[in-house]
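Structure record follows, encoded as structure tokens.
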There are 2 protein chains.
Amino acid sequence: MKLEKAAAQLEALGNPTRLQLYRILVRAGDDGLAVGSVQGKLDIPSSTLSHHLKRLVDTGLVTQERQATTLICRANYPGMNALIGYLADECCADATCAPAVGKALA
Amino acid sequence: MKLEKAAAQLEALGNPTRLQLYRILVRAGDDGLAVGSVQGKLDIPSSTLSHHLKRLVDTGLVTQERQATTLICRANYPGMNALIGYLADECCADATCAPAVGKALA
DNA sequence: ACTCAATTTCGAAAATTATGGAAATAGTGT
DNA sequence: ACACTATTTCCATAATTTTCGAAATTGAGT
């Protein structure tokens with residue numbers, strides 16, 4: 001993973017609304033969630049939500065799939081895993097940070 | 001870790017210059033690096049660097065320690081580990097993403 | 001073609017961030 | 001106190017991000 005891409009993903013997650021949005025999608029699991037359903041949970045105008053969602057999609061952290069008129073959104077786990085891997089690599093490049101990663105695994 | 005704090009840390013890392021800066025500090029290891037040395041590696045004005053550095057310190061990703069006139073900066077591994085743990089927890093809350101975390105461990 | 005529902009794009013205002021030169025500060029030695 | 005170096009703060013400007021109402025679009029059904 002290139003630094004530029006990692007930075008873009010980190011920036012995408014580095015906004016409380018978007019991080020919350022991402023959390024909601026993670027918790028929705030493989031079924032995903034329609035944009036409208038997410039809007040109900042976040043209670044923000046649809047155009048604002050659409051912009052945030054686009055950011056997450058553009059950076060590869062969320063995928064979308066059409067089902068009739070609704071758009072199903074899903075957290076893109078491989079994308080997140082790549083990011084976590086990048087951070088862990090950066091972090092572990094010189095020091096031992098296995099404990100925390102181990103905790104995440106458990 | 002609270003969502004707000006995680007978002008602040010992610011935002012701090014979500015800027016190419018700051019991510020690069022953090023990388024440099026990680027690679028410097030436990031000895032840390034003086035602000036001036038970092039400046040030499042990044043080649044940006046000192047005031048700009050100081051602003052970015054402050055962001056990383058404020059969010060708990062970097063620590064500083066005075067040594068005579070120079071300020072030694074160090075990557076704060078526990079801070080990063082907590083962030084990685086948070087992301088992993090969010091990610092793993094509903095799906096299995098052990099493979100990537102395992103990879104980070106290896 | 002028309003209508004309805006879901007979602008995005010447009011356009012514009014407010015807020016925040018990024019950048020860096022110049023001045024101020026802090027620390028050490030003389 | 002003075003000089004010197006390292007770093008930060010002050011200040012302003014440019015750029016980007018956030019926000020959201022209104023209009024446009026997309027897709028399905030009639």
Side-chain angles (χ1 to χ4, degrees), chain A residues 3-25 28 31-76, chain B residues 3-25 28 31-76:
Chain A
L3 184 137
E4 284 288 343
K5 182 177 181 183
Q9 291 187 329
L10 289 166
E11 192 192 41
L13 290 171
N15 170 285
T17 302
R18 283 194 298 267
L19 188 52
Q20 215 176 328
L21 166 51
Y22 183 80
R23 259 171 64 108
I24 288 171
L25 293 181
D31 291 342
L33 217 54
V35 175
S37 305
V38 176
Q39 195 192 347
K41 287 175 187 285
L42 278 178
D43 196 33
I44 57 175
S46 53
S47 75
T48 302
L49 172 58
S50 186
H51 281 304
H52 284 310
L53 211 36
K54 182 171 167 22
R55 267 302 257 288
L56 291 173
V57 171
D58 284 350
T59 52
L61 289 166
V62 164
T63 61
Q64 290 180 321
E65 178 202 353
R66 276 228 103 86
Q67 270 186 17
T69 48
T70 69
L71 248 191
I72 304 296
C73 308
R74 290 191 183 83
N76 181 32
Chain B
L3 183 136
E4 285 288 343
K5 182 177 181 184
Q9 291 186 328
L10 289 165
E11 191 191 42
L13 290 172
N15 170 285
T17 302
R18 283 193 300 265
L19 188 53
Q20 215 177 326
L21 166 52
Y22 183 80
R23 260 171 62 109
I24 288 171
L25 292 181
D31 291 342
L33 217 53
V35 174
S37 304
V38 175
Q39 194 191 349
K41 287 176 185 286
L42 278 178
D43 196 34
I44 58 176
S46 53
S47 77
T48 302
L49 173 59
S50 186
H51 284 304
H52 285 309
L53 210 38
K54 181 171 169 20
R55 269 299 260 286
L56 291 172
V57 171
D58 284 349
T59 52
L61 289 165
V62 164
T63 61
Q64 291 180 321
E65 180 201 354
R66 279 228 100 88
Q67 269 185 18
T69 48
T70 69
L71 250 190
I72 303 297
C73 308
R74 289 191 184 83
N76 182 30

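Quick note: numbers below take in every heavy atom, side chains included, and nothing from hydrogens, waters or symmetry partners. Per chain, numbering begins at 1; letters A, B, ... match sequence-line order.
Between A:Ile72 atom CD1 and C:dA6 atom C1' the separation is 11 Å, expressed in whole Å. As a whole-Å value, the separation of A:Gln39 CD from C:dA5 P is 15 Å. Put simply, NE2 on A:His52 is 16 Å from C1' on C:dT7, counting in whole angstrom units. The nearest whole Å value for the distance from the CD atom in A:Glu11 to the P atom in C:dT16 is 16 Å.
Separating the CZ atom in B:Arg66 from the CG atom in B:Leu71 is a distance of 4.5 Å, to the nearest 0.5 Å. Note: B:Ile72 CD1 to B:Gln67 CD = 4.5 Å, rounded to the nearest 0.5 Å. In this structure, OG1 in A:Thr17 is found 13.5 Å from NE2 in A:His51, a value given to the nearest 0.5 Å.
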Name each donor-acceptor pair under 3.5 Å that joins a side chain in residues 52-63 of chain A to protein atoms two or more places apart or in another chain, with its distance.
| residue | atom | partner | partner atom | Å |
| --- | --- | --- | --- | --- |
| A:His52 | ND1 | A:Arg18 | NH1 | 3.1 |
| A:Lys54 | NZ | A:Asp58 | OD2 | 2.9 |
| A:Arg55 | NH2 | A:Glu11 | OE1 | 3.3 |
| A:Thr59 | OG1 | A:Arg55 | O | 2.9 |
| A:Thr59 | OG1 | A:Leu56 | O | 3.2 |

Identify all side-chain donor-acceptor contacts of residues 31-50 of chain B below 3.5 Å with residues at least two apart in sequence or on another chain.
| residue | atom | partner | partner atom | Å |
| --- | --- | --- | --- | --- |
| B:Gln39 | NE2 | B:Ile44 | O | 3.2 |

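For the segment residues 56-64 of chain B, residues with any heavy atom less than 4.0 angstrom from an atom of DNA chain D are, sorted by number, B:Gln64. Residues of residues 13-25 of chain B that place a heavy atom closer than 4.0 Å to DNA chain D do not occur.
Think of the region where chain A sits on DNA chain D: with heavy atoms and a 4.0 Å cut, that region ends 5' and 3' at D:dT17 to D:dA28.
Across all their heavy atoms, B:Gly14 and A:Leu10 have their closest contact at CA-CB, 3.6 Å. Between A:Ala7 and B:Pro16, the shortest heavy-atom distance links the atoms CB-N, 3.9 Å. Counting all heavy atoms, side chain and backbone alike, B:Asn76 lies closest to B:Tyr22 at O-OH, 4.4 Å.
For the pair B:Arg23 and A:Leu3, the minimum side-chain heavy-atom distance is below 4.5 Å.
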field: Annotated protein contacts, base or backbone, on nucleotides 20-30 of chain C with a non-hydrogen cut-off under 4.0 Å, one of B, S, - each
entry: BBB----BS--
